[in-house]
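In what follows, chains carry the letters A, B, and so on, assigned in the order in which the sequence lines appear, proteins first and then strands, with residues in each chain numbered from 1.
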Amino acid sequence: MSEPTYPLPDVMAGKKDKDMTSKDACELLQRGSLVLAQMEGNGMRINEDYLAKTIRDVSERIRRLQIKLRGDDVYRVWRREFGGQANLGSRDQLAKVIFNTLEYPYVGAKTSTGRYRADEEVLAQIDLPFVRRYLKVERLKKLRSTYLEGLKREIVDGYIHPTFSLHTVRSFRSSADTPNVQNVPARNSDYAEIVRRCYLPSPGNVLVEIDYRALEVRISACYNKDPALIEYIKDPNKDMHRDAAAGLYMLSEDEAANEAIRYMGKNGFVFPEFYGSVYYQCAPPLWEAANKLSLSDGTLLQDHLASCGIIELGKCDPKLDPRTGTFEAHVRSYEDDFWNRRFRVYSEWKRRWFEAYLKTGRFRMLTGFEIHGLFSRNDALNYGIQGSAFHCLLWSLIRLQDWLNETGKKTKIVAEIHDSLLLDGPEDELQEVLTAARRIMTEDIRKAWPWIIVPLEVEVEVSKTNWFEKELWVESGGKWVPKD
DNA sequence: CACTGGAGCCAC
DNA sequence: AAACGTGGCTCCAGTG
């Protein structure tokens with residue numbers, strides 16, 4: 001079936017001298033909608049036999065664990081308290097049993113509605129086999145209901161057809177539903193493997209995922225034009241997450257390059273700070289992690305910090321000034337250095353951007369979206385970056401679909417996850433498709449949108465089997481090959 | 001019985 | 001002043 005060709009709106013052709021406008025934004029959404037609709041029609045192939053077997057296995061595990069739970073003394077107490085109302089699925093009831101009846105100490109704040117928090121973090125502190133088993137069951141139930149049953153429910157002739165929307169998100173990102181394929185467990189979950197094995201390429205095809213590398217950071221640099229940030233982006237030897245970890249934990253660059261330690265620099269400080277978090281919120285998780293992470297010689301990070309004179313976290317109360325010598329005080333001083341010295345241009349941009357928003361009640365994204373309304377400071381600073389980053393992906397989807405149509409390829413775009421796209425296509429088209437996709441995503445887009453003042457990079461993964469078992473591919477001497 | 005909001009947890 | 005940005009899905013608990 002041949003696809004209709006649409007006239008090329010301004011937004012796709014590029015803006016030379018003038019800024020992008022709302023008209024460009026509208027055209028992007030219109031063209032984007034057509035591509036997303038086509039994606040929905042394409043759908044993603046699902047391994048129904050494996051899915052059915054997995055649901056059976058997980059159900060059996062849940063059943064056995066629940067039998068043990070019902071035989072536990074704690075559940076007898078539970079039954080005594082709640083009688084016929086007793087419900088193993090109620091965390092609220094569990095919390096009352098533990099903290100009221102069994103009188104385990106509850107530390108920290110309650111929820112906004114005055115209930116005990118009963119999440120994994122709180123329950124993990126309770127040293128009872130019943131609670132450990134309870135958490136296991138809850139995780140398995142989430143796995144089964146959301147990711148397995150929720151997937152099965154949407155299968156039609158071996159394919160799911162998730163909906164992608166452009167009208168639901170405040171920052172003008174996209175969203176996905178029925179099922180939401182934008183939150184399928186990935187790296188940080190032990191059931192990424194179980195779920196992702198359900199997603200297949202079509203018969204004879206391969207599955208390809210192409211990610212923009214650090215897209216939001218790059219787009220943020222297009223707004224704030226901070227030379228230090230741009231340098232971090234351009235120089236492959238520089239690494240701001242490693243540097244943050246080094247500063248926060250008082251380590252050398254080499255020590256901070258350790259994967260788990262660098263991870264805390266990135267997800268415990270740099271990203272939260274970029275989203276508007278502050279030192280007294282960052283400090284506690286960083287301190288907790290320091291009690292688990294060790295240097296290569298086996299020294300615990302907290303012991304290392306102690307040897308540098310830091311032996312306690314501090315109160316982390318925004319109303320109190322951190323006491324000298326606490327970890328909290330150290331994180332504050334690193335934060336001060338981070339924003340007022342290292343990224344002072346970024347910092348200055350935030351001040352000016354928010355001031356302009358307060359004056360006018362509006363701001364305009366680099367992609368032309370004119371946004372007005374009542375926003376918090378963090379919202380006003382984040383929406384433009386988050387939205388425009390996604391618009392780069394949307395632009396690329398449109399261009400790639402055009403190219404696939406023009407060249408008569410069989411490869412189909414089947415999903416999009418904010419800064420990445422998923423293809424399902426024959427292996428013999430792979431070389432040409434990867435080359436075109438990378439050109440579109442990193443070169444063509446910069447010609448159309450010259451406001452992108454930093455290089456863009458993509459990461460390519462290919463799988464002949466399923467969405468879990470994918471290999472990193474790189475281009476080498478004009479040919480795409482698996483890395484190593 | 002339908003609906004709603006909270007809480008929790010998955011993603012980027 | 002605000003206090004980590006954006007979503008979707010599931011279950012529970014409460015309401016009318």
Using whole Å, what does the distance between atom C1' of nucleotide B:dA11 and atom OH of A:Tyr199 come to?
12 Å
Spacing between A:Asn267 atom CG and C:dG5 atom C1', to the nearest angstrom:
14 Å
Gap between atoms CG and C1', on A:Leu94 and B:dG8 respectively (whole Å)
13 Å
Quick tally for nucleotides 6-16 of chain C: nucleotides whose base has a protein heavy atom under 4.0 Å get B, sugar-phosphate-only ones S, the rest -, giving BBBSSSSS---
Sugar-phosphate only, base, or nothing, as touched by A:Val278 at under 4.0 Å among non-hydrogen atoms
nothing
Against A:Phe269, only a single residue in A:Tyr249, A:Tyr334, A:Tyr275 fulfils ring pair (Phe, Tyr, Trp, His ring centres under 6.0 Å); can you say which?
A:Tyr334
From CD of A:Glu120 over to P of B:dA7, roughly how many Å is that when rounded to an integer?
18 Å
May I ask you to decide whether A:Glu48 forms a salt bridge with A:Lys152, counting only side-chain N to carboxylate O separations under 4.0 Å?
no
What is the distance, to the nearest angstrom, from the CG atom on A:Leu123 to the C1' atom on B:dC9?
13 Å
Numerically ordered, the residues 102-114 of chain A set in heavy-atom contact under 4.0 Å with DNA chain B is A:Thr111, A:Ser112, A:Thr113
Ring pair (Phe, Tyr, Trp, His ring centres under 6.0 Å) between A:Phe375 and A:Tyr383, intermediate numbers included:
CA-CA 10 Å; A:Phe375 302 117; A:Tyr383 284 7; 5.3 Å; yes
Is the number of heavy atoms from other residues, nucleotides or ligands within 6.0 Å of NZ (A:Lys470) greater than 12?
yes
Is it the case that the side chain of A:Ser463 and the backbone of A:Leu207 share a donor-acceptor pair, with hydrogens and angles ignored and the cut-off at 3.5 Å?
no
Looking across every strand, which nucleic acid part, if any, lies under 4.0 Å from A:Glu273 by heavy atom: base, sugar-phosphate, or nothing?
nothing
For the residue pair A:Tyr116 and A:Phe99, does the interplanar ring angle fall in the parallel (under 30°), tilted (30 to 60°) or perpendicular (over 60°) class?
tilted
Return yes if a side-chain donor-acceptor contact under 3.5 Å exists between A:Trp467 and A:Glu209, otherwise no.
yes
Rounded to the Å, how far apart are A:Tyr275 OH and B:dA11 C1'?
11 Å
In whole angstrom, what separates A:Ile371's CD1 from C:dG5's P?
17 Å
Given B:dA7, is OP1 or OP2 found less than 4.0 Å from the side-chain N or O atoms of A:Tyr116?
no
May I have all residue pairs that pass salt bridge (Lys or Arg N to Asp or Glu O under 4.0 Å) and include part of residues 161-184 of chain A, sequence neighbours excluded?
A:Arg173-A:Glu216
Going by the angle between their ring planes, with limits at 30° and 60°, are A:Trp78 and A:Phe130 parallel, tilted or perpendicular?
perpendicular
Nearest whole Å is fine: how far is B:dC12 C1' from A:Glu459 CD?
14 Å
